[in-house]
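What follows is a short report on a single structure.
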Amino acid sequence: QGDFRGEKTALVLVSPTSSPDFSPEKEMNRLSHLLAYTLAAIFGLTGHADILLVCQNGCQYSSIADAIAAADDGDTIQLIAETYEVDASISLQGKAVRLVGTTDSSGAPASIIDGQGSVQIFVCDSGEQSSTILDTLVIQNGYSPSGPSGGGAVLIDSTSPSFLNCHFIDNTSDLWGGAVSMIQNGAGPTQPTFTNCLFHGNAAGAGGAISGGLFVEPAIATCTFSMNTAIQGGGLWFTGVSSTTVSNCTFSDNTAAAT
């Protein structure tokens, strides 16, 4: 475990049907572990940045937050195909890391980060830039109570992280941004990017999926917004002076009580 550099790793593939307790779920987890360890060995032997593997049992780390704390700029934090329940908000700590999940047989994200209906899952307020990447994740059941910031799943404050191929599902904020709230309280610009993401079933007072405050400048491309609800802005809601780019996105069945 830890740094794989300089180690020789032998990979043995075993036919899944030879195991008496074979099941599709167990096989997916086995393949996820195998893929992550393979990538770690390859990157280690070629002298690149480390891959930190996170799972409930048998990995380097069982906590996403602990893996982020241990990571250096340029590292990848690899999740397997399982559900990670969080009971406290996770900070990306301003690090240039890639937090990446795995996919199922259809290519959809299979690494689920679940706020259990009580936690704002990610907070990006520590200088994150475009090199802070969240990739191929399901981010669900996050919650933000009434307050000045909002963001049931993610709060972005004066930072510019990148989100790729992420699914934001059933997140709730009592005020702003059911899934994502973007604000500008610090010196740095708020210029996050969302590419090929899905926002489904999120709810808020304003901005069922995404909300943006003064001076935010997000870029949202090839994303899908469906069945998000709010009092204002069922899908998106921005206020004041902001510069938002939305391109090649699909909106369906989003609802707002006010016009």
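Note that the structure is a prediction, hence the values are computed from the model and not measured.
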The residue among Asp135, Asn165, Thr222 that forms side-chain hydrogen bond (donor to acceptor under 3.5 Å, both in side chains) with Asn196 is Asn165
With a 4.5 Å cut-off on side-chain heavy atoms, are His200 and His167 touching? no
- Query: Any sub-3.5 Å donor-acceptor pair from Ser144's side-chain atoms to Gly152's backbone N or O?
  - Reply: no
Donor-acceptor pair, side chain of Tyr84 and main chain of Val54, under 3.5 angstrom: yes
Taken to the nearest 0.5 Å, the spacing of Leu134 CG from Leu92 CG works out to 5.0 Å
OG (Ser89) and CG (Asp125) are apart, to the nearest 0.5 Å, by 10.0 Å
Is the backbone N or O of Ser130 less than 3.5 Å from a side-chain atom of Ser162, with the two atoms forming a donor-acceptor pair by type? yes
Tested for side-chain contact (heavy atoms from CB on, under 4.5 Å) against Val180, the lone hit among Ile210, Ile220, Ile139 is Ile210
Answer yes or no: is there a donor N or O on one side and an acceptor on the other, between the side chain of Lys95 and the main chain of Ala69, under 3.5 Å? yes
Could you tell me whether the side chain of Val119 reaches within less than 4.5 Å of the side chain of Tyr143, counting heavy atoms only? no
Here the gap from Trp237 atom CH2 to Ser211 atom OG, rounded to the nearest 0.5 Å, amounts to 7.0 Å
*asked:* With heavy-atom distances below 4.5 Å as the criterion, would you say the side chains of Gln56 and Ser62 are in contact?
replied: no
Nearest heavy-atom approach of Thr159 to Cys124 is OG1-O, 2.9 Å
Closest non-hydrogen contact found for Phe199 with Ala179 is CD2-CB, 3.9 Å
| query | Should Leu164 and Phe168 be regarded as members of a common hydrophobic cluster, given that ILVMFWY residues are connected when their side-chain heavy atoms come within less than 4.5 Å of each other, either directly or indirectly? | reply | no
Check the pair Cys197, Cys166 against side-chain contact (heavy atoms from CB on, under 4.5 Å), reporting the backbone distance first and the verdict last.
CA-CA 5 Å; Cys197 293; Cys166 289; 4.0 Å; yes
#### Entry: Test item: Ile113 and Val86 side chains (from C-beta on) under 4.5 Å apart, heavy atoms
yes
Shortest non-hydrogen pair, Gly58 vs Cys55, comes out as C-SG, 4.2 Å
When rounded to the nearest 0.5 Å, the distance separating CD1 of Ile156 from CD of Gln184 is 11.5 Å
*Are Phe215 and Pro189 side-chain neighbours, meaning at least one heavy-atom pair lies under 4.5 Å?*
no
query = Does Thr76 use its side chain to pair, donor to acceptor, with the backbone of Gln78 at less than 3.5 Å?
reply = no
Scanning both residues in full, the closest heavy-atom pair of Ala96 with Ser131 reads CB-OG, 3.3 Å
OG of Ser149 to CG of Asn185, rounded to nearest 0.5 Å, is 6.5 Å
Quick check: do Pro109 and Val138 have side-chain heavy atoms less than 4.5 Å from each other?
yes
From the list Ile68, Asp50, Ile51, side-chain contact (heavy atoms from CB on, under 4.5 Å) partner of Ile77 resolves to Ile68
* To do: Check for a donor-acceptor pair, side chain of Glu85 on one end and backbone N or O of Thr83 on the other, with a separation under 3.5 Å.
  => no
Relative to each other, are the rings of Phe225 and Phe251 parallel, tilted or perpendicular (30° and 60° limits)? parallel
> Is a side-chain donor-acceptor pair under 3.5 Å present for Gln140 with Asp170?
Replying inline: no
Check: Do Phe122 and Leu99 come within less than 4.5 Å of each other through their side chains, counting heavy atoms only?
Finding: yes
Between Pro192 and Met182, the two heavy atoms sitting closest are CG-SD, 3.4 Å
Of Ile64, Asn171, Val154, the one forming a side-chain contact (heavy atoms from CB on, under 4.5 Å) with Ile121 is Asn171
CD1 (Ile80) and OG (Ser111) are apart, to the nearest 0.5 Å, by 7.5 Å
Residues Gly150 and Ser181: closest non-hydrogen pair is C-CB, 3.5 Å
